[in-house]
Engineer: 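First the structure, then my questions, so here it is.
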Amino acid sequence: MKNKFGVLLLSLILVFSVVSIVGAQEDVKNPNTYTHVTIGNQSTLDPHYSYDTASSEVIDNVYECLIQYQGESINEFSPLLATKVPSRENGLISEDGTEYTFPIREGVQFSNGDPLTPEDVKYSFMRGMVMDRTAGPMWMIFEPLFGYAASLSDVTEEVVGVEDPTKLTADQSAEVYKVLDEKITIDGNEVTFHLANPYPPFLNIVAQHAAWSSILNKEWSIEQGAWDGSPETIADYHDPVKEDDPLYDTMMGTGPFVLTEWVNGDRVVFKRNENYWRKPADFKTVIIKNIDEPTTRILLLQRGDADSIALDYQYFSQIEGNENIRIEKGIPVLQNLDMLFNWTINTKGNDYIGSGKLDGEGIPADFFTDVHVRKGFSYVFNYKAFMEEVRQGQSKKLRGPIVDPLLGYDEDSAVYELDLEKAEEHFKQAWDGQVWEKGFKMTILYNSGNMTRKTAADIFKSYLEQLNPKFDIDTRAVQWSTFLDESARGTLPLQIGGWLADFPDPHNFVQPFLDSQGYYGAKRGENYQEWAKENVDPLIDEGISELDRSEREDIYKELQSVAHEHAIDVWIDQPTGARIQRTWVKGWYPNPMRPGQYFYILDK
């Protein structure tokens with residue numbers, strides 16, 4: 001992406017309701033252990049590979065970043081592994097806004113006893129850029145540092161004319177390394193990032209809860225088999241297969257907890273880092289249990305065997321009124337839910353698209369390139385029932401990728417509603433009438449245990465099959481890691497998913513969802529990418545480079561309009577958050593940037 005970034009001073013007003021009946025003080029169960037019970041599983045433990053909340057939650061408790069958010073704020077920071085937060089006032093941000101300098105804290109140790117050094121900080125970001133896995137998070141580092149680049153391949157193509165970094169020769173690799181190396185420099189105990197242009201949300205991008213900015217132990221990482229730091233070896237370490245990544249299932253950080261066990265799909269176990277540089281955590285042991293069945297999670301909470309749980313809104317009635325359980329509703333989050341269309345489905349070994357043809361027994365790879373198909377799907381979803389019954393009134397209609405209260409969100413903009421007549425009209429126009437005449441078959445996947453997404457999938461199935469008996473939709477639950485893997489392979493014809501903000505700006509929603517190289521944009525395949533390069537990429541570039549707030553707002557409103565008019569996705573809703581915990585749990589407060597549980601702030 002390009003150029004300058006307009007300043008956004010965003011203030012979320014965290015107004016939420018509390019449902020709690022506090023009776024006599026109960027005895028705290030297992031005071032030295034904290035147990036959180038949630039759904040699904042984790043995809044990876046590597047900070048540079050992770051780009052999902054379940055994985056980032058684990059990383060957040062073991063690794064640390066240079067700075068951290070102050071309490072509930074999303075635009076105020078305090079030092080963490082750096083001793084100062086850069087600003088123009090303290091001289092650590094240059095006058096032109098392109099250099100950010102971080103003095104690195106002395107006396108900090110990794111959990112194995114190795115001291116933290118500025119070289120560890122530089123290596124962490126360099127290794128992330130070298131690895132840069134497909135559809136990963138490192139675009140947020142490339143974009144401010146290079147302006148023109150959203151990936152390592154953009155840099156290698158610009159510098160040596162090679163688009164695929166795995167094809168670099170040793171000499172070409174050294175040339176690329178030199179360009180990367182110049183962007184992050186060390187002077188004594190200070191590390192400086194050299195940006196291509198002013199990029200005001202840069203501090204958000206390197207703050208705690210941003211897994212991709214976690215600081216690694218360089219020596220330990222190399223011992224595990226991660227990038228060796230050599231200028232000539234970039235090709236050998238770029239975009240590894242997930243399970244072949246040497247940091248896939250092992251961790252070494254400076255944070256308050258140490259990983260002791262990861263049984264994926266069942267549990268993650270931490271022990272307290274007794275050598276932590278700040279005050280040690282209040283718990284000797286922390287457990288994240290993965291249980292998809294909601295009634296089991298509820299039972300564990302009621303018995304006191306869980307201190308907090310994840311739970312969909314439709315199950316809240318089963319615990320409301322319990323004097324030992326505290327529920328906080330309506331917590332604002334920068335998050336959306338949508339159904340993504342794949343415009344170029346990978347048909348190889350794909351059993352989610354039936355015959356792979358438009359013959360009534362499946363769908364072809366380019367099925368969703370027809371806007372009438374996409375609009376037909378947009379009109380068959382019962383948004384009102386979903387928000388009232390599934391979300392229990394705790395959400396608002398989404399109007400495109402951008403969420404309230406970010407620039408570009410407009411309460412008066414057009415939205416799709418359930419309208420079976422309009423859905424029929426569009427399906428009859430799709431593919432010259434063949435869709436309505438022949439019908440189709442496909443499978444909608446959702447991550448197991450996520451009853452909200454299961455219900456959304458069932459709503460699509462119900463109304464589509466009601467509309468035309470030749471429409472045949474299967475719904476299927478899979479583990480979260482499997483869902484992510486299939487999504488990365490491009491085999492899913494459509495997927496119900498969402499986005500939790502990486503940083504509080506509309507760019508962090510239009511870039512992943514709409515940009516041809518964005519996280520979701522790339523998942524839509526070549527057909528979408530070609531369309532997006534002409535229709536949305538230029539607007540996204542304008543938005544990121546425009547400094548005038550009013551001009552930026554107009555650009556993002558236009559992008560919202562394009563997303564709606566072309567039905568790029570089915571834009572479902574923006575939920576509010578909720579917190580469910582035993583009344584003995586103390587210390588929790590909300591922050592929209594947090595990917596999950598941050599156990600260090602908790603006590604009981």
Side-chain angles (χ1 to χ4, degrees), residues 4-5 7 47-48 63-70 75-130 138 140-147 149 155 177-222 226-227 229-231 252-255 275-278 503:
K4 302 170 186 156
F5 202 104
V7 178
H48 298 139
Y63 290 99
E64 292 182 307
C65 297
L66 294 170
I67 58 176
Q68 61 184 338
Y69 291 98
Q70 286 190 22
N75 50 34
E76 295 178 322
F77 306 93
S78 58
L80 195 56
L81 294 183
T83 58
K84 295 181 180 180
V85 177
S87 67
R88 282 191 173 89
E89 289 72 24
N90 63 20
L92 297 178
I93 298 179
S94 63
E95 284 301 317
D96 66 357
T98 63
E99 293 186 354
Y100 285 67
T101 298
F102 296 85
I104 305 306
R105 189 179 300 277
E106 297 180 3
V108 175
Q109 294 183 339
F110 291 93
S111 59
N112 67 348
D114 291 347
L116 170 71
T117 69
E119 190 61 39
D120 292 313
V121 175
K122 176 169 181 173
Y123 172 83
S124 299
F125 289 94
M126 291 286 287
R127 186 261 178 176
M129 290 192 288
V130 166
M138 296 311 295
M140 285 178 283
I141 302 301
F142 281 106
E143 189 172 86
L145 292 184
F146 291 93
V155 177
Y177 173 91
K178 182 181 178 181
V179 173
L180 299 179
D181 184 61
E182 292 171 346
K183 289 294 182 179
I184 306 172
T185 58
I186 297 174
D187 183 8
N189 203 45
E190 295 183 337
V191 176
T192 298
F193 295 82
H194 303 273
L195 279 56
N197 299 286
Y199 200 95
F202 186 70
L203 291 179
N204 296 89
I205 290 168
V206 298
Q208 188 67 22
H209 313 317
W212 53 88
S213 292
S214 298
I215 304 306
L216 310 182
N217 180 327
K218 177 180 179 179
E219 181 179 352
W220 175 86
S221 298
I222 293 173
W227 178 53
S230 170
M252 173 66 63
T254 61
N275 296 318
Y276 188 44
W277 61 276
R278 294 192 286 177
F503 54 92

Engineer: State, yes or no, whether a side-chain contact exists between Pro103 and Leu92 at a heavy-atom distance under 4.5 Å.
Structural biologist: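 SC-SC contact between Pro103 and Leu92 confirmed.
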Engineer: Show the numbers, then the answer: is there a side-chain contact (heavy atoms from CB on, under 4.5 Å) between Phe146 and Leu180?
Structural biologist: CA-CA 9 Å; Phe146 291 93; Leu180 299 179; 3.6 Å; yes
Engineer: Is the distance between the ring centroids of Trp212 and Phe125 under 6.0 Å?
Structural biologist: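 No, too far apart.
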Engineer: Apply side-chain contact (heavy atoms from CB on, under 4.5 Å) to Ser111 and Met252, showing your working.
Structural biologist: CA-CA 7 Å; Ser111 59; Met252 173 66 63; 3.1 Å; yes
Engineer: Out of Asn197, Leu203, Leu195, which residue meets the side-chain contact (heavy atoms from CB on, under 4.5 Å) rule with Tyr199?
Structural biologist: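 Checked Asn197, Leu203, Leu195 against Tyr199; only one passes side-chain contact (heavy atoms from CB on, under 4.5 Å): Leu195.
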Engineer: Does a side-chain heavy-atom distance below 4.5 Å link His48 with Leu216?
Structural biologist: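 Yes, side chains in contact.
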Engineer: Which heavy atom of Val85 sits nearest a heavy atom of Ser78, and at what distance?
Structural biologist: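 Heavy atoms of Val85 and Ser78 come nearest at CG2-C, 3.5 Å.
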Engineer: Between the side chain of Gln70 and the main-chain N/O of Glu76, is any donor-acceptor distance below 3.5 Å?
Structural biologist: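 Judged by distance alone, no pair lies under 3.5 Å.
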Engineer: Taking Leu80's backbone N and O only, do any of them form a donor-acceptor pair with Arg105's side chain (distance below 3.5 Å, no angle check)?
Structural biologist: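 Yes; judged by distance alone, with no hydrogens or angles, the pair exists.
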Engineer: Please lay out, stage by stage, how Leu145 and Met129 fare under the test side-chain contact (heavy atoms from CB on, under 4.5 Å).
Structural biologist: CA-CA 11 Å; Leu145 292 184; Met129 290 192 288; 3.9 Å; yes
Engineer: For a quick test of reading the model, state the closest non-hydrogen atom pair linking Ser124 to Ser214 and the distance between them.
Structural biologist: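 Ser124 and Ser214 have their closest heavy atoms at CB-O, 3.6 Å.
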Engineer: Holding to ring-ring contact (aromatic ring centres under 6.0 Å, His included), I want the full list of residues that pass it with Phe110, two or more places apart in sequence or in another chain.
Structural biologist: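 ring-ring contact (aromatic ring centres under 6.0 Å, His included) list for Phe110, sorted by chain: empty.
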Engineer: Provide the closest heavy-atom pair for Tyr63 versus Ile215 in the form atom of the first, atom of the second, distance.
Structural biologist: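 That would be CD2-O, 3.6 Å.
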Engineer: Is a donor on one side and an acceptor on the other found under 3.5 Å between the side chain of Asn217 and the backbone of Asp114?
Structural biologist: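 Absent.
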Engineer: In terms of side-chain heavy atoms, does Thr254 have a donor or acceptor partner in Glu64 at a distance below 3.5 Å?
Structural biologist: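 The answer is yes; a qualifying pair exists.
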Engineer: Search all heavy atoms of His194 against all heavy atoms of Glu182 and return the closest pair with its distance.
Structural biologist: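 Nearest pair, atom of His194 first, then Glu182: CD2-O, 3.4 Å.
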Engineer: Describe, in one word, how the ring planes of Tyr177 and Trp227 are oriented to each other, choosing from parallel (under 30°), tilted (30 to 60°) and perpendicular (over 60°).
Structural biologist: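 The rings of Tyr177 and Trp227 sit tilted, inter-plane angle from 30° to 60°.
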Engineer: To check you understand the geometry: which heavy-atom pair defines the closest contact between Ser213 and Ile205, and what is its length?
Structural biologist: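 Closest heavy-atom pair between Ser213 and Ile205: OG-O, 2.7 Å.
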Engineer: For Phe102, is the NZ or CZ atom of Lys84 found under 6.0 angstrom from the centre of its six-membered ring and inside 45 degrees of the ring axis?
Structural biologist: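 Geometry flag: not set, cation outside 6.0 Å or 45°.
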Engineer: Please evaluate residues Val191 and Ile184 with respect to the criterion side-chain contact (heavy atoms from CB on, under 4.5 Å), reporting the C-alpha separation (whole Å), side-chain torsions for both, the decisive distance (0.1 Å), and the verdict.
Structural biologist: CA-CA 7 Å; Val191 176; Ile184 306 172; 3.7 Å; yes
Engineer: Decide whether Asn75 and Tyr69 meet the rule of one side-chain donor and one side-chain acceptor closer than 3.5 Å.
Structural biologist: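 Asn75 vs Tyr69: no donor-acceptor pair found between side chains.
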Engineer: Between the main-chain N or O of Lys218 and the side-chain N or O of Asp120, is there a donor-acceptor pair closer than 3.5 Å?
Structural biologist: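 Yes: the side chain of Asp120 pairs with the backbone of Lys218.
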Engineer: Provide the closest heavy-atom pair for Pro79 versus Thr83 in the form atom of the first, atom of the second, distance.
Structural biologist: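 Heavy atoms only, the tightest pair is CG-O, 3.3 Å.
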